[in-house]
Amino acid sequence: MLDAWTGKISNGNKLHDTKPKNALPLVSKERKEQTIVWVKDVAIGGNEAIVIAGPCSVESREQVVSTALSIKQNGAVMLRGGAYKPRTSPYDFQGLGREGLQLLREAGDIADLPVVTEIMSEEDVEIVCDYADMLQIGARNMQNFALLKKLAKTDKPILLKRGASATVKEWLSAAEYILHGGNENVVLCERGIKTFDNSLRNTLDLASVALVKEMTHLPVIVDPSHAIGKRSLISAAAKAAIAVGADGVIVEVHPQPEIALSDSAQQLTFQGFAEMMDNLQSPLRTISRQNELAICF
Ligand code: PEP
Ligand code: MN
């Protein structure tokens with residue numbers, strides 16, 4: 001009998017005898033109330049919502065160091081930046097590779113921020129693990145099962161983005177792979193899905209955040225930058241994400257977004273990031289309950 005997980009022939013136990021009744025036993029809330037994922041000294045999934053920020057792509061030392069210092073000053077707790085970029089067109093900037101990883105690490109060290117970066121290929125696991133504190137599995141690789149299995153064997157925390165066309169069940173099944181392979185430190189990230197509406201880059205599925213918080217013990221964060229693709233709306237969406245129960249947000253920030261080599265339209269300026277952080281601190285708007293009170297009395 002072929003074992004679905006290992007691909008090896010097993011001793012004749014029928015597969016359905018060993019298959020768990022619940023399709024998502026390891027990520028399920030029934031197993032555990034809440035996981036806190038630690039990335040160095042940053043807790044994701046605890047009482048405080050956290051903010052991760054940084055450029056879409058690492059482009060130069062000056063760009064990533066200045067961004068790291070600015071976001072740190074404004075309250076971010078982790079630096080993001082892509083060195084291996086999943087670009088739709090082969091003619092678009094593909095990232096600086098190893099040099100990008102080195103610059104990201106250097107900027108993180110200077111600003112005293114842990115760093116997260118995307119890993120696209122099994123071939124890059126070793127090198128990315130040498131430089132990064134957290135490994136990002138991008139939307140396009142959410143169901144790259146070979147990559148999921150390989151990263152499950154590392155001791156690094158994983159940021160697992162939702163595929164643009166993935167259902168919640170598929171997304172959680174991808175997380176289940178990582179836990180099943182031995183790595184419990186998974187943070188889920190909603191980053192927008194494809195729907196009929198193309199007014200924005202994607203559709204930010206905030207209801208899925210509340211749903212996943214109800215279904216699993218894993219921390220969940222939101223990436224409004226890739227969900228929305230439009231600078232002016234990032235702050236409002238980040239606030240909504242925290243209001244709906246997300247454990248944090250990850251946003252793109254660039255010293256000069258207009259000349260960014262990728263995702264120019266969605267990256268926040270330093271000033272824009274500072275304003276977003278102020279907005280996240282200010283109380284939510286309240287709704288008037290006067291009418292309701294009038295009825296009661
Ligand atoms: C990114 O975070 O740089 C990225 C490419 O995101 P996603 O995989 O969500 O598109
Ligand atoms: Mn980007």
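Source: prediction; values computed, not measured. Just so you know, ligand 1 is whichever comes first in the structure, and atom 1 is the first atom listed for that ligand.
- When all heavy atoms are compared, the tightest approach of Pro114 to Val42 is CG-CG2, 3.9 Å.
- Counting only distance, with no hydrogens or angles, the side chain of Glu190 and the backbone of Gly192 share a donor-acceptor pair below 3.5 Å.
- In terms of polar-atom proximity, Asp223 is not counted as a contact of ligand 1, lacking any N or O under 3.5 Å from an N or O of the ligand.
- Under the 4.0 angstrom criterion for non-hydrogen atoms, Gln136 is in contact with ligand 1.
- Close approach to Lys85 involves these atoms of ligand 1, each under 4.0 Å from a residue heavy atom: 3 (O).
- Among all non-hydrogen protein atoms, the one lying nearest atom 4 (C) of ligand 1 is His226 NE2, 3.5 Å.
- The main-chain N or O of His226 is never found under 3.5 Å from a side-chain atom of Asp263 such that the two would form a donor-acceptor pair.
- Asp223 places no side-chain N or O within 3.5 Å of a backbone atom of Val249 that could act as its donor or acceptor partner.
- Among the atoms of Ala139, some N or O lies under 3.5 angstrom from an N or O of ligand 1.
- Among protein heavy atoms, atom 2 (O) of ligand 1 sits closest to Arg80 NH1, 2.7 Å.
- Lys161 NZ, 3.0 Å is the protein heavy atom nearest to atom 6 (O) of ligand 1.
- For ligand 1, the atoms sitting less than 4.0 Å from at least one non-hydrogen atom of Arg191 are 7 (P), 9 (O), 10 (O), numbered in the order shown with element in parentheses.
- Taking a cut-off of under 4.0 Å to the non-hydrogen atoms of Gly138, the atoms of ligand 1 that pass are 8 (O).
- Angle subtended at the Mn ion (ligand 2) by Asp263 OD2 and Glu252 OE2: 130°, rounded to 10 degrees.
- Every atom of ligand 1 with a heavy atom of Glu118 under 4.0 Å away is listed here by number and element: 4 (C), 5 (C).
- The 12-atom threshold is exceeded at CG of Asp197, counting heavy atoms of other residues, nucleotides or ligands nearer than 6.0 Å.
- Of the N and O atoms on the side chains of Gln102 and Tyr131, at least one donor lies less than 3.5 Å from an acceptor on the other residue.
- Applying the 6.0 Å contact sphere to CZ of Arg231 captures more than 12 heavy atoms from other residues, nucleotides or ligands.
- Residue Lys194 qualifies as open at atom NZ: its count of foreign heavy atoms under 6.0 Å is 12 or below.
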